[in-house]
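Okay, so here's the structure we're looking at.
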Amino acid sequence: MNKYVERIYNGIVKENPCIILMLGMCPTLAVTTSAINGIGMGLSTLAVLIFSNLIISIMRNIIPDQVRLPAYIVIVASLVTIVDLIMQAYTPGLYSALGIYIPLIVVNCIILGRAEAYANKVTPDLAFFDGVGMGLGFTIALTVIGLAREFLGSGCAFGIQVLSEEIFHPIAIFGQAPGAFLIMAILIAILNGASISTAANDKVEGCDGCCASCAKSCDSREKEETKA
Amino acid sequence: MNNSLILIIVTTALVNNVVLSQFLGICSFLGVSKQLKASASLGGAVIFVMTISSAVANLLYTFLLAPLQLEYLNTIVFILVIATLVQMVEMFLKKTSPGIYKALGIYLPLITTNCAVLGVALTNVQDGYGFVESVVAGFGTAVGYTIAIILLAGIRERIDESSVPKPFRGAPVVLLSAALMAIAFMGFGSLAL
């Protein structure tokens with residue numbers, strides 16, 4: 001298989017950031033009230049991820065190792081600000097629906113996690129396709145979760161009434177905050193039942209488990225603690 | 001004046017609970033809620049950092065970004081300031097009060113990546129809060145976070161002793177507990193405020 005296709009397959013299926021690696025839980029739970037919001041959030045993250053991977057990979061020999069995390073954060077924050085301004089100008093409806101979660105892409109673990117775990121070690125072309133794969137994987141997962149919540153919560157799909165209320169009585173709770181937790185719980189239980197291993201169960205076991213960089217700092221800290 | 005501050009605390013801590021209705025800080029909410037003691041310490045650290053960072057973010061916005069018309073840079077400025085602030089708090093505590101450092105120390109770096117801290121700073125700006133209101137909102141949000149994580153830790157300690165169906169062991173049962181908590185917290189939405 002072509003190595004670029006392999007990166008995209010890896011991002012969408014094998015290491016899907018949302019379902020297998022369990023990164024970026026906050027936006028996953030928060031914005032998936034409808035399929036459209038899921039796509040919007042996914043695509044804006046995709047855009048940031050592609051460019052952050054690309055820039056970080058190009059600059060990987062220039063950025064000194066000691067200050068790499070602050071440098072990555074500045075790069076990501078600049079890209080997020082650009083996306084934020086573009087969305088404010090061209091898609092005001094989506095912008096107000098996603099609200100504060102757009103600037104919060106900065107702290108999305110997927111982006112810093114990929115920078116730290118992959119983009120700063122490889123050539124720009126591979127980093128680019130990794131960004132495309134991971135971003136698409138995230139977008140698809142958010143869309144599917146959003147679709148499920150929208151359908152169960154209101155009987156709609158992409159804003160169009162699919163089942164009338166006489167046939168299917170909507171379960172409104174799925175469209176509200178608790179529904180996000182419920183859907184994720186059911187999804188992970190299904191994956192567990194099918195013996196597909198995900199990072200979900202490690203996540204609730206340890207430390208923060210948030211992202212590659214963070215998990216690393218936890219490990220090193222624990223060692224420091226035991227030494228002391 | 002006092003009434004509106006109490007209103008802000010109740011709203012941020014209970015009605016718009018940061019974890020259960022805003023979905024910020026989910027990572028540490030799920031990750032550090034295994035034991036009651038650890039989650040209480042994390043809660044303490046979050047209250048500490050979030051109150052200070054809300055104050056600093058507000059001052060920066062009012063006296064630096066707004067006069068220079070650089071409001072659009074707030075995301076970049078806030079995330080850098082919060083990251084630096086957490087480091088400084090850590091060093092300061094290490095030197096001055098080793099007791100508190102020992103209790104909160106290992107949780108402080110986790111807070112840098114906690115999206116709730118940045119989220120509160122940005123929400124305060126969006127809502128046009130002044131200095132006192134920002135600090136109170138930061139404190140209230142952090143108290144809400146602490147309430148949620150302590151409750152979840154209590155529930156998880158009980159779950160550990162019961163038998164859970166196999167596919168639901170681990171993450172799913174934790175998420176289900178969180179869902180039930182979220183349903184309970186929705187009740188606060190009907191408070192006549």
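Side-chain atoms are counted along with the backbone in the values below, which use heavy atoms only and exclude waters and symmetry mates. The model shown is predicted, which means the values in this text are computed figures rather than measured ones. Sequence lines set the chain letters: A, B, ... in the order given, protein chains first and strands last, and positions in each chain run from 1.
Closest approach of A:F181 and B:F23 over heavy atoms only: CE1-CE2, 3.5 Å. Between B:C115 and A:V107, the closest heavy-atom pair is CB-CG2, 3.3 Å.
Atom OH of A:Y118 has more than 12 heavy atoms from other residues, nucleotides or ligands within 6.0 Å. The 12-atom threshold is not exceeded at CD of B:Q35, counting heavy atoms of other residues, nucleotides or ligands nearer than 6.0 Å.
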Give every donor-acceptor pair under 3.5 Å between a side-chain atom in residues 168-181 of chain B and any protein atom, sequence neighbours left out.
| unit_1 | atom_1 | unit_2 | atom_2 | d |
| --- | --- | --- | --- | --- |
| B:R169 | NE | B:V164 | O | 3.0 |
| B:R169 | NH2 | B:V164 | O | 3.3 |
| B:S177 | OG | B:V173 | O | 2.7 |

Donor-acceptor pairs under 3.5 Å, side chain of residues 37-52 of chain A to any protein atom, not counting sequence neighbours: which ones?
| unit_1 | atom_1 | unit_2 | atom_2 | d |
| --- | --- | --- | --- | --- |
| A:N37 | ND2 | A:T33 | OG1 | 3.4 |
| A:S44 | OG | A:G40 | O | 2.7 |
| A:S44 | OG | A:M41 | O | 3.2 |
| A:T45 | OG1 | A:M41 | O | 2.8 |
| A:S52 | OG | A:V48 | O | 3.3 |
| A:S52 | OG | A:L49 | O | 3.2 |

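Interface remark: A:S78 contributes backbone and side-chain atoms alike to the contact with chain B (heavy atom separation under 4.5 Å).
The candidate from A:G179, A:A194, A:G193, A:A30 with the greatest count of non-hydrogen atom pairs under 4.5 Å with chain B is A:A30. When the candidates B:T123, B:L80, B:T75 are compared by the number of heavy-atom contacts under 4.5 Å with chain A, B:T75 comes out ahead. In terms of heavy-atom pairs under 4.5 angstrom with chain A, the leader among B:N74, B:V19, B:L73, B:I183 is B:I183. Options A:L104, A:L182, A:V76 differ in how many heavy-atom pairs under 4.5 Å they form with chain B, and the most are formed by A:L104. Each of B:S21, B:G119, B:P165 has some count of heavy-atom pairs under 4.5 Å with chain A, and the biggest count is that of B:G119. Per-residue counts of heavy-atom pairs under 4.5 Å with chain B were compared for A:I186, A:L187, A:N192; the largest is that of A:N192.
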Verify side chain to side chain contact (heavy atoms under 4.5 Å, CB included) between B:I26 and A:T28, making sure each step is shown before the conclusion.
CA-CA 10 Å; B:I26 295 285; A:T28 307; over 6 Å; no

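Residue A:L29 holds its CG atom at 11.0 Å from CG of B:L20, rounded to the nearest 0.5 Å.
Put simply, the side chain of A:I82 does not reach to within 4.5 Å of the side chain of B:Y72, judged on heavy atoms.
By the side chain to side chain donor-acceptor pair (under 3.5 Å) test, B:T141 pairs with no residue at all, sequence neighbours left out.
Scanning residues 170-178 of chain A against chain B with a 4.5 Å heavy-atom cutoff picks out A:I173, A:Q176, A:A177, A:P178, ordered by number.
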